[in-house]
Structures are given as structure tokens and as C-alpha cells.
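Counting starts at 1 for both ligands and their atoms, following the listed order.
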Amino acid sequence: MKRSGVGLTAEHATGALRVDGARLWRSLMELAQIGATPKGGVCRLALTDLDRRGRDLVMGWLRDSGASIEIDGAGNIFATRGGRDDAAAAVLTGSHIDTQPSGGKFDGNYGVLAGLEVLRTLNDADVVTMHPVTVAVWTNEEGSRFVPVMGGSGAFAGVYTLEHLRQQRDIDGISFGEALDAIGYAGDAPIGGRKLEAYFEAHIEQGPILEREEKIIGVVTGALGLRWYDCTWTGQDSHAGPTPMEARRDALLGASRMVEAVHALAMRHAPDGRATVGCMQVSPNSRNVVPGRVTMTVDMRHPDDERLAAMDRELRDTADFVARELGLDCDLQQVDHVPASRFDPKCIDAVRTATRALGLAHREMVSGAGHDAIYLARIAPTSMIFVPCKDGISHNEIEDARPEHLEAGANVLLHAILARALGSDSAAGASGIDHG
Ligand SMILES: [Zn+2]
């Protein structure tokens, strides 16, 4: 729908706008009823009948807001509130409403419903934007029923083909394509190819930093790059009694030194470096045998690709050094590499400016977890807004967040969107926020 006429277009008029936090909370609680678990969480796996019911509810709300709805072949939903120039690139926001099997009420759902709340707020104040504003609901972000994770946004960004997505099967052998068709959400809109002015995603932090530092908003500047390794230590099985200490080739001793070294390596790259050994298999795993073989994994992350490459070199040097010292063979293979994403400086600035103008305690941070925004960042200027969650816990039924924090994050989203959608290049929409 094209909007014309006299709406509130000037920055000074939109600066006083605020979302309705109580309405946002009610929507979150109502959506959380679908797939509600006894412990207060949500189980609404992608492309199940519960997902269909969640989609029906949210799509009804989006339609009631007057937005025009499109669904693409991957089941991604787009709800667009028209601007003065509907040929202009859209300002996009959104997230996902599928959950983990023991998920919470806020992961993903918050980003979608904060987007809905922005549309409702713009409607209430009769704001006319230059650019259309679109709310997206991305399919299968969690990846718990179907791999790959972030499949819908990944297809939108051209990382996966629709054919690839449709072929993936869940644990019962049902394909993504069959499940999508069964819930009636295989749409005919083309996947991707939309003109995008910007993408903003609001999300709970899923970590403890904001709460610990008593900050309300995380201005997210990017996401950690990741390297995964498989590492195999080979020595010699031998008897724990007769084999003298100096004659041993103990693979577990090598692996153990590597665990220590991996931890120390991340600490040298503090505060942003992360390194984890999460799996280890000891062979023969017998009480009275010196272990001849150990396999282990290493997960390393950093927001700066050069620093992550430096961590990679240090890891390889450590492996060589330990292997030489202990007379072991070490086979270290990198098995996955996702480069760091750096969000768009202008979008980050729109979030930062809105946060400051709203007078909210904040800090800049990088996301340690995967989000749809990471794929969107490949094709559009992107940034994210984090709000605290209780004890930093997510992917858990006890996931919790405070209504006033969710409201604050939605206000930041509103003004970041306005900064890009009103049609002035200056982000003045945000700087004009009223403190009243
Ligand atoms: Zn999420």
C-alpha cells in the first residue's frame, strides 16, 4: 500500500514516539501459549503443526496492522507497511518463531513481535515513512529439527538453494519440503532479490554480560568468526605397571596439555577470544593402559578474522611443540570456518544514536551465537540490538526477560528503523528523540 498525504514525517514529530510495552508483552505471552511446556518454556519446532499455529497467529496480527503479506518458497514471511515511495528499498526487521525442543518464550519471538510492535506504533501515530518497512519471519533458524541452522535466512542470502533446504530430513525421515507443504507455508514469492535499505534484528543476548554490567541495550557490532578442528593424538598403548615413565608415549598427556594450552590461548586474546575443547575420546580407555590414541575437538572464535588466524597459528604451533616434546603424532584438521561478520557502521550508528537519545545504559558487543542477521549482513547493511535475559540463560525453558527491557529494545528498534526509513540520509530521526 502506497502512503500519501500529511502524516508525521518530520524528525521532531517522530522523536517522541514510543512503543506500547504492555501490548508487546501481551503478544509475547499469547504466542508463548502455542507449544507451551509445563516448566514455562516453549517447544515449537520448525514446520510442525505448532509452528503453523504460531505463524497463523503472528501473520493474522501482521495482516491486522494493515501490512501486505508475501511468503517465499522457503516459508519466510514478509509483512510490508508501505511508504511514500514503494519502489524504494525496504527497511527490514525480523527474527524467527521456531524454538528449540526445550526453548524459551523470547529467543527469536521477541525480534518478530518487536517488529510487529513497531508497525503498530507507526500506525497509531499515523507516521508516513519514505521507505517501506517490512517485518520478516525467518524459517527454521534453530536448526534443531532440520539442518542447516538459519536455513530460511541463509536461502534468502543465497547461501543455500531452495532445493537443498527442501531435501533435508528430520529424525523421522520427513523432508523439509514435505513439512513445509503440509503446513501450507510454501509460498510463491521469489527467495531473496529484494531491495533492502537496512536490516535490524532485536534479540535477547543469550549471555550474561548485559545483566552483569547492569546495561539495558547491547549495540551489536558484529558476530564472532569461528574455526572448528578435529585433533588426533597418537602414541603407543602400553602397560601402566611395567612401562617406565620416561619410556611412555601417552596420547592423553598430549591432549591434556593441549586443553590447557587452548584455554591459555583464548585468554591471551581476551576479552573477545573464545576457545573450547568440548569432546574427547580416549583409547583404549582402560584403567591400566597408557592411552595410545586420543581424539578431541577444538572450537575457536574471535570477532576479528586476523586475530582468529593468529589463534589458528598459535594452536598449530602448540600442537607441534607438545607432539615433539612427548614423542607423539598430532593430526590437527580444520573442519569448519565461518568468517567473522562485521555489521554495517551506519546501521550500528543508527542503533547507538537511538540508544543514547533514549538515555539507555548500553555497551557495544559482538554476538557469540548465530542469528539470521549474520546471513542478512552478507547482502544488506545490518546490525542488531540485544537486551538482557535472566542469568544469561537461553535455549532453556527457564529463559526469562524483563518487560521493561524488552520495551526499551523495541524503542531502540523503532528509532533505528525510523532513522533509515524516514528518508533523510542523516539519521536525524533518531537524534531528534524527545527525552520527555
Ligand atoms: Zn534466536
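- Salt-bridge annotation for D124 and R120: absent, with no side-chain N of the basic residue lying under 4.0 Å from a carboxylate O of the acidic one.
- At a cut-off of 2.8 Å, D372 does not coordinate the Zn ion (ligand 1) through any N, O or S atom.
- For the residue pair T121 and E117, a side-chain donor N or O sits within less than 3.5 Å of a side-chain acceptor on the partner.
- Here H371 does not reach the Zn ion (ligand 1): none of its N/O/S atoms is less than 2.8 Å from the metal.
- Nearest N/O/S atom of D107 relative to the Zn ion (ligand 1): this is OD1.
- Between R52 and D49, at least one side-chain N (NZ, or NE/NH1/NH2) sits under 4.0 Å from a carboxylate O, which counts as a salt bridge.
- Side chain to side chain, Y229 and D312 meet the donor-acceptor criterion of an N or O pair below 3.5 Å.
- Remark: at the Zn ion (ligand 1), atom NE2 from H203 and atom NE2 from H96 enclose 120°, rounded to the nearest 10 degrees.
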